[in-house]
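These notes are about the structure you will find just below.
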Amino acid sequence: MSEKDINSHLIKRIFLGILTTGLFLIMLAVIIKLPENEGLEEIIRGNIDKSGVSNKVTAVLLNFRGYDTLIEVGVLLLAVAGVLSIRTADTEIIRYQSVKPVDAVLSAFSRLIAPLIFLVSCYLLFAGAYAPGGAFQAGSVLAALFVLLRLSDMPPPRWINVITAGMIASGFLVFLAIAGVLMATGVNLLQYPSEYAGSIIFFIETAIMASTAFIFAELFSEWRHNR
Amino acid sequence: MKTTMLFSIAGIAVFFIGLYCLMAYRHLLKKIIAVNVMGTGVFLFIVSIAARANILQPDPVPHAMVLTGIVVTVSATAFGLALFKRIYYETGKPYLDNEDK
């Protein structure tokens, strides 16, 4: 790089630094004057009994604003479609090199920890009803398990390849089917009858967990194309 | 000054640090990381806003929004990385050519 290039680089950085600092100061002036606001906490506390779960965030996520989550799962599906259409076998920058012979410590450790990770993800799924946790957290942990098994050279069984596409779509389809059935009975979109709300939410969450796990594993590791 | 205000300011600061890096660097991986940093700043800001009236009973609606946002960020990052890998494979360069050097 010539001296002139370095100079223009420096000028660009200084300009950007001044610009972002200025925007930061403007934002600062705005947020200091923000009025206090209780928000919707009280309304949600008053209606939590009807939602079927006792954790407020889960109630908002899957009952009061269920359509947000429905569309969110749709976005995940779109991301997978995008990644799969862009990715070719050749774009792998770092080809996965299987370690041979397989590292004994890694292999033993993975075998030891895999059931534990599965247990944690199931716990997170159940905990979502009354404590911080839920489908997406459980699904991410499960996806981490898939990635770990991939990295420690334990490829999934063949039948995983067969079910992956279905599993990726299952979360969105189950959610959409429930929304459709409910609408057919004459209520609003995703308005659960309050006596069944808990079961419906748990069913949807289980589907989203399984689907999220496969989606994240597919997005980040190409874990099933190993053999 | 309340604690939540401190978190709000920190969130905005993190956002603008990310914005600076997004504009200042050409390397696409740095840009992807910068967008993630910006997102983190927004999440911190939203969560602090949720707690500003009552820190013990925060508003759960922004929390649910942040949870949704995190999942969307993760998938957007994966999509960005896939695009980056393809660009690197096609051009052999980790940045876009049409930007001025």
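Below, chains carry the letters A, B, ... as their sequence lines are ordered, and counting in each starts from 1. Just so we're clear, the structure is a prediction, and the values are computed from it rather than from any experiment.
Taking CG from A:Leu34 and OG1 from B:Thr4, the interatomic distance works out to 10.5 Å, rounded to the nearest 0.5 Å. If you take CG on A:Leu28 and CZ on B:Phe16, they are separated by 10.0 Å, rounding to the nearest 0.5 Å. Rounding to the nearest 0.5 angstrom, the gap separating the CG atom in A:Leu23 from the CG atom in B:Leu19 is 7.0 Å.
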For this session: Walk me through it: do A:Phe24 and B:Ile9 pass the test side chain to side chain contact (heavy atoms under 4.5 Å, CB included)?
Result: CA-CA 9 Å; A:Phe24 170 70; B:Ile9 293 168; 4.2 Å; yes

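Considering every non-hydrogen atom in both B:Ala82 and A:Ile86, the closest pair reads O-CG2, 3.6 Å. In this structure, B:Gln57 and A:Arg45 approach most closely via the heavy-atom pair OE1-NE, 4.2 Å. The shortest heavy-atom contact between B:Leu81 and A:Phe220 is CD1-CE2, 4.2 Å.
Other residues, nucleotides and ligands contribute more than 12 heavy atoms inside 6.0 Å of the OH atom of A:Tyr67. Other residues, nucleotides and ligands contribute more than 12 heavy atoms inside 6.0 Å of the CZ atom of A:Phe202.
Neither the backbone nor the side chain of A:Phe64 comes within contact range of chain B; no heavy atoms are under 4.5 Å apart. In this structure, chain B has no heavy atom under 4.5 Å from any part of A:Ile71. If you measure heavy-atom distances from A:Leu16 to chain B, the contacts under 4.5 Å come from both the backbone and the side chain. B:Ile87 does not touch chain A: none of its heavy atoms, backbone or side chain, sits under 4.5 Å away. Contacts between A:Glu42 and chain B at a heavy-atom distance below 4.5 Å are absent for every atom of the residue.
Using a distance-only test at 3.5 Å, with no hydrogens or angles considered, no donor-acceptor pair links the side chain of A:Arg87 to the main chain of B:Lys85.
Heavy-atom neighbours of chain A within the stretch residues 35-51 of chain B, taken at a separation under 4.5 angstrom, comprise B:Phe45, B:Ile49. Contacts from residues 58-74 of chain B to chain A, taken as heavy-atom pairs separated by less than 4.5 Å, involve B:Pro58, B:Asp59, B:Pro60, B:Val61, B:His63, B:Ala64, B:Leu67, B:Thr68, B:Val71, B:Val72, B:Val74 in sequence order.
Taking the ring axis of B:Tyr25 as reference, the NZ or CZ atom of A:Arg13 stays within 45° of it and closer than 6.0 Å to the ring centre.
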